[in-house]
Amino acid sequence: MFSTFANPHRFMSLTRPLLPILTVVAAVMLAAGWIWAIGFVPDEKYQGPTVQIMYVHVPAAMVSLAAYSTMAISSLLYLILKHSLADVAAKSAAPIAAALSFICLVTGSLWGRPTWGTYWIWDARLTSMLFQLFLILGYMALRSAFQREQEAARAGAILCLVGAVNLPIIKFSVEWWNTLHQPAGFISLTGDSSLTAEFFWPLMFNLIGMMVLFGAFLIATMRSEVYKRQYEAKLARLNRSTS
Amino acid sequence: MKGILAIFRRELVLAWAGGSGLFLPAAFFAGTIFLAPLGVGAEPGLLSRLAPGLIFVALCLASLTTLERIFQADLEVGALDQQRLSGLSMELITVVKVLAHWLVSGLPIALLTPVAAVFMRADTVTPMTILPVFLGSITIFLWGGVGASLTAGLRRSGPLVALLVLPLFVPVVIFGAEELNHILTGQTFGAGLTLLAANTLAALAISPFAMALALKLE
Amino acid sequence: MTGEVTGGNFFVLASFIASGVTMAALAAWTATRLAQAKKKLNMLNQTENPKD
Amino acid sequence: MINRDSDGQMALKLRQLTAVRGYTLLFSGLDFDLAYGEFAALKGPNGAGKTTLLRMVAGLIAAESGEIEYSIPDEAPARGIYYLGHELGLRPNETPLSHLRDWADMHHQPRERILPAIDRLGLTSRREVPAWSLSAGQKKRVALARSLVVPCPIWLLDEPASSLDVGGQCLLCELMTEHLNSNGAILAALHDPMDLEPSRVLDVGAFAP
């Protein structure tokens with residue numbers, strides 16, 4: 001059952017030291033990764049320097065997908081185990097996933113301008129990311145529409161799972177649609193151009209940095225969510241004992 | 001079997017008696033179709049190219065107008081509680097309600113497609129144009145039903161349902177518009193229909209469980 | 001190897017700045033949320049049993 | 001969980017039931033047995049969780065923890081539970097006749113019981129009137145008629161007498177007495193005492209934290 005009283009002491013004590021460490025490591029890695037990407041990566045033969053946008057765009061895309069998967073998995077766990085910490089994880093991962101999707105879309109369109117002359121090109125990956133952002137915003141809007149945390153958690157979990165099931169279908173259909181409407185010989189943002197070593201390692205470094213950043217954000221948001229719920233639970237107990 | 005048919009019949013009668021059920025979505029759909037040429041201009045070439053896409057977008061928007069009421073009508077008067085006690089499985093009840101609503105609101109739109117195609121100056125308008133919109137509208141109502149079940153307990157949740165289910169309509173619009181384009185321009189069709197049918201079956205397989213779980217939100 | 005920042009390209013800089021700003025905003029929002037939540041809880045603990 | 005043997009006299013066994021609304025604990029460790037032929041009244045202050053308990057026993061709400069054991073005779077329709085809540089389950093453009101007909105078909109019950117039930121509840125003249133033009137009392141009578149159209153052994157009533165006129169209230173007592181005499185069980189949250197004396201009282205407030 002929804003164990004509002006499950007006291008996540010173990011989680012809180014575990015993450016208390018972890019949060020500062022992750023934040024510092026993430027900051028250092030991202031700073032280094034960005035300097036490495038901007039400063040030392042040679043120009044790519046087709047796009048010239050604009051390839052460097054990849055070092056923010058691709059990690060943001062991948063980590064936002066990881067964030068959405070975190071939401072989906074913890075939603076599933078919440079529906080099965082009914083443990084409130086799983087719901088806290090899903091609710092906390094949502095804003096981060098939204099922010100990362102937003103970064104991915106902004107950098108994608110900034111990449112489009114010099115390369116194809118327009119800020120938005122209906123590239124398959126970008127379009128799928130757009131609808132993933134829509135799913136996340138829908139999740140957050142649905143959750144905030146409920147007063148009671150219990151109902152918000154359950155409704156959100158169901159929507160997140162339905163979204164997770166549909167995301168591959170959306171990706172497939174957008175890619176299928178893309179092959180019909182996209183002119184041939186189109187340089188996709190990443191992936192197919194096989195990356196040589198000097199392009200590949202900065203990407204991996206930045207990816208790990210972004211992952212650590214996601215971890216730090218997730219833990220921080222979860223801790224504040226746990227504090228909020230403990231506050232509301234204690235407030236309810238106080239009102240009950242005084243009334 | 002008779003039990004679930006009773007719910008289906010009740011839902012149909014009440015949606016019909018409600019009056020607005022049948023005409024609202026079809027009118028909304030027709031309105032959108034009639035507005036487009038005024039904005040785009042009536043050159044036949046342009047309009048017929050636009051027709052498939054616009055028909056499916058209009059279908060999505062028109063369906064959104066009634067999705068909110070699929071479960072809310074019964075939930076707010078307590079009828080849903082009574083149906084839960086009738087021993088029928090909640091998954092079956094939700095599917096039956098969605099299909100009844102689709103019959104009253106979604107099917108008329110599918111039947112209107114040839115008319116819309118004519119208004120959009122499509123080249124070959126055959127009764128086959130109904131097929132893609134027929135399959136697409138079922139999928140839209142099933143996924144829309146999931147959105148409706150999640151927000152049944154909320155007041156004024158129409159716009160929220162639209163935001164929730166919009167991404168779920170992407171495959172329907174893509175495959176449906178493509179297939180409708182083939183039909184309207186007289187090309188061979190059928191491959192797209194299988195993809196559309198696959199989407200419908202996926203929706204039919206997944207959404208009842210989501211809806212049933214959502215309505216047990218106590 | 002181009003050592004220095006290829007300043008010529010406005011869009012590379014713009015995307016890094018945009019990402020940086022978004023992440024900074026998210027960080028700020030998360031930090032304040034965390035601080036506020038902890039403060040509210042402590043305040044409540046204070047009022048409930050001032051001794052601890 | 002439901003076991004369909006009806007040899008045991010017990011209709012309902014509630015074991016260590018706990019209910020939570022939002023962050024507040026309503027009641028915990030609630031134990032109660034209800035035998036067939038018994039009428040138990042739920043007592044307790046407002047917000048103690050009487051309605052929550054009834055909906056929990058009806059299976060509409062999941063209990064935070066604890067177990068409910070039903071023993072329902074095999075011939076009972078559906079889940080063997082008749083639940084009368086605050087909302088009466090009538091859509092605005094439904095008529096008593098159409099509602100009860102759908103109700104009977106939903107449970108595969110014969111339609112012959114509908115007209116006698118309508119007459120019994122005094123709705124004969126209004127059986128074709130849409131619900132939006134019926135009074136709350138008349139709609140309550142349609143809800144009560146449901147219990148005659150689809151007879152269930154266990155009755156869960158949430159303030160059954162509310163919005164009933166004097167005639168309606170004594171009719172309610174008659175129906176409840178008949179149900180008890182035909183070996184039915186009743187668990188009811190009563191707002192004010194009725195002419196019919198409950199054989200047992202369950203004070204939900206006693207189980208509050």
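Reminder, nothing fancy here: chain letters follow the sequence lines and each chain counts from 1.
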Salt-bridge test for B:Asp74 and B:Arg84: reply yes if a basic N is under 4.0 Å from a carboxylate O, no otherwise. no
NZ/NE/NH1/NH2 to OD/OE distance under 4.0 Å, B:Arg49 and B:Glu43: no
At a heavy-atom distance under 4.5 Å, which candidate from A:Leu137, A:Val162, A:Thr127 has the highest pair count against chain B? A:Val162
Take B:Val133 and B:Ile130, measure what side-chain contact (heavy atoms from CB on, under 4.5 Å) needs, and give me the verdict at the end. CA-CA 6 Å; B:Val133 180; B:Ile130 294 173; 6.0 Å; no
Of B:Ile174, B:Asn199, B:Leu195, which is the lone residue that meets side-chain contact (heavy atoms from CB on, under 4.5 Å) with A:Ser173? B:Ile174
Can you tell which of B:Val170, B:Val161, B:Val146, B:Leu166 has the highest number of heavy-atom pairs within less than 4.5 Å of chain A? B:Val170
Using heavy-atom distances under 4.5 Å, tell me whether A:Leu79 contacts chain B through its side chain, its backbone, both, or neither. side chain
Top residue by heavy-atom pair count (under 4.5 Å) with chain B, among A:Gly163, A:Gly156, A:Ala157, A:Gly138? A:Gly138
Of A:Lys234, A:Arg229, A:Lys228, the residue whose pairing with A:Glu232 passes salt bridge (Lys or Arg N to Asp or Glu O under 4.0 Å): A:Lys228
Heavy-atom pairs under 4.5 Å with chain B: which of A:Ile169, A:Leu142, A:Leu130 has the most? A:Leu142
